Amino acid sequence: MEQLTAILAAHLQSTHHIESVENLIQWQETRPEFEGDLTLVVFPFLKVIKKSPEQLGQEFGQLFLDHAPSVLAFNVVKGFLNLTIASEEFVHTLQQLSFSDLPKTGKKVVVEYCSPNTNKPLHLGHVRNNLLGFSVANLHQSIGCDVVKVQVINDRGIHICKSMLAWQKFGNGETPESSRMKGDHLVGKFYVAYDQEFKRQVKELLEKGLTQEEAEANAPILLEAREMLQKWEQGDVEVMDLWKTMNEWVFKGFEATNQRMGVSFDKNYYESQTYLLGKKYVELGLEKGVFYRKDDGSVWIDLTADGLDEKLVLRKDGTSVYITQDIGTALERFEDFHMDSMIYTVGNEQDYHFKVLFKILEKLGFEWAKNCFHLSYGMIELPTGKMKSREGTVVDADDLMQEMFEVAKERTSELGKIDGLSEKESHDLFEMIGLGGLKYFLLKVDPKKKMVFNPEESIDTQGNTATFIQYVHARIKSILRKANQEGLTTRYAGEKLDLESSEKELVKKLNQFTSVRMEAATQNNPGHLCNYVYDLAKTYNKFYTECPIFKQPSPDPQTVVFRLWLNQKTADCLKYATGLLGIGVPEKM
RNA sequence: GGUCUGGUAGCUCAGUUGGAUAGAGCAACUGCCUUCUAAGCAGUCGGUCGUGAGUUCGAAUCUCGCCCAGAUCACCA
């Protein structure tokens with residue numbers, strides 16, 4: 001394509017005296033319904049060259065035919081010049097493709113995701129968050145960045161005290177061991193128990209004649225929780241011990257969940273250690289005149305000139321608010337890593353918060369603030385409505401993964417695909433199919449979109465699913481195993497060969513990988529890669545049916561090797577690309 | 001009310017800096033397994049791209065108005 005561009009640019013310069021050709025030359029792939037491989041859009045030239053689209057197309061077509069050996073033929077339809085490219089060119093393209101991480105650029109990116117509270121287990125929302133954050137981190141690594149994966153663990157505050165208090169009141173000394181429950185689920189149970197008790201007390205107070213507001217503010221259990229928070233802040237030994245114990249339970253639970261999901265972190269930040277950090281930077285902001293102090297002593301920033309509001313950054317009693325902590329945490333991270341950019345994977349209900357945060361960091365004079373990105377994603381709702389932890393209407397992450405596993409098991413067994421597999425092999429396969437299906441389902445849609453999760457409909461194994469992609473990989477591997485048995489090589493020597501159209505399509509599709517990956521990484525959208533992988537799998541399947549290798553009549557030896565090579569390259573690409581999404585592909589299924 | 005995000009086939013979604021007759025999957029229907037894996041392939045059916053204007057050779061894509069849905073505008077986190 002570079003060659004063709006050069007030829008055209010030279011022609012435009014010498015014949016039509018046009019110097020700046022950058023914006024005029026638009027290449028695109030020829031649509032399947034037309035003859036050809038590569039298409040030049042002629043319309044943009046009409047403004048500078050007074051000819052009809054048809055004439056100009058003919059002129060350019062002839063030019064390529066005369067000067068570019070790789071162009072075999074051309075046709076012009078309306079304002080589109082379609083070129084047929086020689087098979088050698090496709091072989092050459094395929095030779096240059098490899099699927100691995102790009103060389104290091106020295107750019108450092110911090111990716112934050114997960115951010116759980118330690119009062120309840122992870123749910124479907126966290127799953128989307130985790131998968132997005134993890135795959136975006138992979139994508140950046142893939143294009144040559146140094147990536148640091150971090151999570152902030154929300155381990156303090158009134159909501160944590162609530163589950164602690166409920167455990168004290170109703171727990172009877174229950175532990176994960178004694179109850180045989182995962183620690184995070186056990187603690188979550190008491191968070192729900194708190195809420196039930198709270199509601200009961202509110203109801204009681206209402207019956208005594210208090211208003212709803214009064215009742216909610218004076219429920220004894222809430223007052224107790226507040227008292228507990230105060231004790232925590234004072235470092236009360238008993239409360240701290242309970243806090244540490246229950247948090248340990250939860251951390252163990254989270255670790256198990258994240259491990260099964262396949263995500264990991266390089267560093268954890270605990271809010272209990274960072275919640276006071278922001279204060280010293282408030283002083284810095286005051287010195288710089290970015291912040292100002294009101295008469296009552298509270299500190300603010302005025303962002304009205306930037307289209308935002310005034311925002312409090314320090315209360316009049318000198319304590320921090322949410323954004324103060326985030327300022328502190330961001331700067332702490334910069335001390336830790338000196339990153340060039342940072343990605344926050346957080347739900348879209350915090351869009352405004354992050355706009356404000358980035359603006360503040362920028363005004364404080366930090367260069368990297370401009371490269372901060374809020375990877376904002378839409379909420380997941382159930383057919384019955386929103387998920388609410390307190391009311392127990394959530395899709396639990398552990399349950400969900402297990403359900404996916406079970407469905408994969410059932411479906412695979414039905415199809416008789418586990419014959420000849422050991423118990424461990426089939427277990428691993430179910431896990432790969434089940435988890436892969438879940439991951440692909442959540443990653444393929446644009447992160448910005450909210451989604452409705454319907455458990456029955458979501459667990460599909462046909463069509464645009466991970467299973468389909470995994471199946472294609474297994475098919476390829478099966479062919480390559482057979483080739484190996486027969487002692488055939490997959491190294492094509494590169495002699496002249498006429499390619500079938502589905503072979504050409506597959507090479508073209510493989511050739512798109514690099515640009516798709518770049519787009520997915522720079523836009524922080526793994527969905528692009530999902531769509532690509534699906535497309536690739538579909539393109540392969542067409543090639544698979546149209547270009548057999550071991551079927552009779554068998555193709556000539558050179559074609560066999562070429563097709564095996566193409567199989568190998570496709571498998572490499574599928575494995576690498578799905579790996580970036582955190583999805584595994586099996587050797588057999 | 002202000003700001004942000006979304007609105008594409010019955011359903012779930014793609015659709016690169018504006019490019020050819022708007023694409024997939026699911027669902028419904030029709031063909032194809034004596035073997036490179038049918039979790040597949042080929043095909044039929046299905047659309048006033050929320051709506052009205054504008055910009056131009058050309059608009060799902062850009063601009064403006066309006067309609068619908070969600071989020072947000074806390075000295076909560």
Side-chain angles (χ1 to χ4, degrees), chain A residues 23 26 28 30-31 33-34 39 41-44 46-47 53 77-80 82 115 117 154 156-159 271 275 296 298-300 307-309 311-317 319-326 347-353 355-356 376 378-379 381 386 408 411-412 414-415 417 433 441 444-446 448-452 454 457-458 460-472 474-483 486 512 515-516 519 523 527-528 530-532 534-535 537-538 541-542 544-552 554 560 563-564 567 588-589:
Chain A
N23 300 323
Q26 290 179 30
Q28 52 187 248
T30 307
R31 296 191 147 221
E33 58 267 36
F34 298 97
T39 295
V41 187
V42 179
F43 290 109
L46 300 181
K47 283 177 188 162
V77 181
K78 294 187 188 172
F80 298 89
N82 303 320
S115 315
N117 291 336
N154 230 297
R156 65 162 283 282
I158 187 82
H159 51 297
E271 207 198 311
Y275 79 110
D296 66 0
S298 58
V299 181
W300 296 72
L308 304 168
D309 301 314
K311 180 80 187 176
L312 177 97
V313 294
L314 208 61
R315 294 189 187 104
K316 64 185 169 192
D317 63 5
T319 54
S320 359
V321 290
Y322 181 39
I323 200 144
T324 325
Q325 291 177 39
D326 265 5
N348 65 3
E349 75 272 17
Q350 298 201 31
D351 284 355
Y352 180 76
H353 171 77
K355 263 190 196 171
V356 172
S376 161
M379 294 290 104
E381 291 174 16
K386 288 187 183 175
R411 186 96 188 94
T412 308
E414 270 172 25
L415 290 167
K417 300 265 187 181
I433 293 173
F441 179 78
K444 75 176 172 185
V445 304
D446 190 320
K448 283 201 295 290
K449 291 200 177 182
K450 66 169 184 192
M451 56 198 301
V452 177
N454 188 331
E457 287 176 17
S458 304
D460 236 327
T461 57
Q462 290 177 329
N464 190 353
T465 62
T467 315
F468 176 87
I469 294 155
Q470 290 167 328
Y471 179 64
V472 165
R475 267 182 155 179
I476 297 176
K477 284 295 177 171
S478 169
I479 290 179
L480 293 175
R481 272 194 302 273
K482 183 157 187 164
E486 302 194 3
Q512 286 171 12
S515 61
V516 171
E519 193 189 338
Q523 293 180 15
H528 291 305
C530 289
N531 290 322
Y532 169 77
Y534 172 62
D535 245 22
K538 242 182 5 166
N541 267 344
K542 195 181 171 90
Y544 176 89
T545 40
E546 290 181 6
C547 298
I549 295 169
F550 298 115
K551 278 187 179 173
Q552 297 300 327
S554 51
V560 167
R563 287 180 183 173
L564 286 173
N567 268 281
K588 289 180 193 170
M589 71 184 275

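For clarity, every value in this text was computed on a predicted model and none was experimentally measured. A note on names: the letters A, B, ... follow the listed sequences, proteins ahead of strands, and every chain is numbered from 1.
Shown here for A:P53 and A:K78, the closest heavy-atom pair between the two residues is CB-O, 4.0 Å. Here the closest heavy-atom approach between residue A:T319 and residue A:L314 is recorded as O-CD1, 3.5 Å.
The residue A:Y534 sits close only to the backbone: its heavy atoms come under 4.0 Å of sugar-phosphate atoms, none of a base. At a threshold of 4.0 angstrom between heavy atoms, the contacts of A:D446 are confined to the sugar-phosphate backbone, with no base atom among them. Across all strands, A:K417 comes closer than 4.0 Å to base atoms (heavy-atom distances). Using a 4.0 Å heavy-atom distance criterion, A:T39 is classed as a base contact. Heavy atoms of A:D535 sit nowhere under 4.0 angstrom from any nucleic acid atom. Residue contacts shown for A:M589 include a base, since a base heavy atom lies under 4.0 Å away. Within the 4.0 angstrom heavy-atom criterion, no nucleotide atom of any strand lies near A:L46. Within the 4.0 angstrom heavy-atom criterion, only backbone atoms of the sugar-phosphate kind lie near A:K538; the bases stay farther away. Counting non-hydrogen atoms under 4.0 angstrom, A:Q26 reaches a base of the nucleic acid. Base engagement by A:I433 is indicated by at least one non-hydrogen atom pair under 4.0 Å involving a base atom. No engagement by A:H353 is indicated, since no non-hydrogen atom pair under 4.0 Å with the nucleic acid exists. Using a 4.0 Å heavy-atom criterion, one finds that A:P53 contacts no nucleic acid atom at all.
If you take atom P in B:G65 and the same atom in B:U48, they sit 26 Å apart, rounded to whole Å.
Dashed line: the shortest gap from a side-chain N or O of A:R31 to OP1 or OP2 of B:A20 is under 4.0 Å. Look at A:N464 and you won't find any side-chain N or O under 4.0 angstrom from OP1 or OP2 of B:A24. Note on A:Q28: every side-chain N or O is 4.0 Å or more away from OP1 and OP2 of B:G19. A sub-4.0 Å separation between OP1 or OP2 of B:A39 and a side-chain N or O of A:Y471 is present. Proximity of A:R475 to the phosphate of B:A39: no side-chain N or O atom is located under 4.0 Å from OP1 or OP2. Taking side-chain N and O atoms only, A:R315 has a distance below 4.0 Å to OP1 or OP2 of B:C76. Here A:K449 reaches the OP1 or OP2 of B:A14: one of its side-chain N or O atoms lies under 4.0 Å away. For A:Y532 and B:A14, the shortest distance from a side-chain N or O to OP1 or OP2 is not below 4.0 Å. An OP1 or OP2 oxygen of B:A20 is reached within less than 4.0 angstrom by no side-chain nitrogen or oxygen of A:K78.
Annotation: cation-pi geometry not satisfied between A:K444 and A:Y534 (NZ/CZ under 6.0 angstrom from ring centroid, within 45° of ring axis).
Nearest-nucleotide positions on RNA chain B for A:N541 and A:S298 put A:N541 closer to the 5' end. Residue A:I549 is the one, among A:I549 and A:Y322, whose nearest nucleotide of RNA chain B lies closer to the 5' end (criterion: closest heavy atom).
A:E271 has its side chain within reach of A:R156: a pair of non-hydrogen atoms, C-beta onward, lies under 4.5 Å apart. Side chains of A:Y544 and A:I479 form a contact here, defined as non-hydrogen atoms less than 4.5 Å apart.
In this structure, the aromatic ring of A:F468 is not positioned over the six-membered ring of the base of B:A39 within 5.5 Å between centres and 30° between planes. Aromatic stacking is marked for A:F80 over B:A20, as both cut-offs hold: 5.5 Å for the centres and 30° for the planes.
Listed nucleotides: B:G15, B:A77, B:A69. Nearest to the side chain of A:Q325: B:A77. Of all nucleotides listed (B:C4, B:U16, B:C57), B:U16 comes nearest to the side chain of A:E519.
Looking only at atom types and distance, the side chain of A:D351 has a donor-acceptor partner in the side chain of A:S376 under 3.5 Å away.
Contact annotation: side chain of A:D296 to base of B:C75, donor-acceptor pair present below 3.5 Å. Between the side chain of A:T412 and the base of B:A39, at least one donor-acceptor pair of N or O atoms lies under 3.5 Å. At a cut-off of 3.5 angstrom, the base of B:A20 holds at least one donor-acceptor pair with the side chain of A:N82. At a cut-off of 3.5 angstrom, the base of B:A42 holds no donor-acceptor pair with the side chain of A:T545.
In this structure, OH of A:Y544 is placed 14 Å from C1' of B:C32, rounded to the nearest angstrom. At whole-Å resolution of the value, OH in A:Y352 and P in B:C76 are 16 Å apart. To the nearest angstrom, C1' of B:C36 lies 15 Å from CD of A:E546.
The CD1 atom of A:I433 sits 4.0 Å away from atom CE of A:M589, with the distance rounded to the nearest 0.5 Å.
Using the Watson-Crick or G-U wobble rule with both distances under 3.5 Å, B:U5 pairs with B:A69. Across all strands shown, B:U44 forms a Watson-Crick or G-U wobble pair, both distances under 3.5 Å, with B:A28. Taking a pair to require two hydrogen-bonding distances under 3.5 Å in either a Watson-Crick or a G-U wobble arrangement, B:U17 remains unpaired. Using Watson-Crick or G-U wobble geometry with both donor-acceptor distances under 3.5 Å, B:A53 finds its partner in B:U63.
Between A:H353 and A:Y322, the ring-plane angle classifies as parallel under the 30° and 60° cut-offs.
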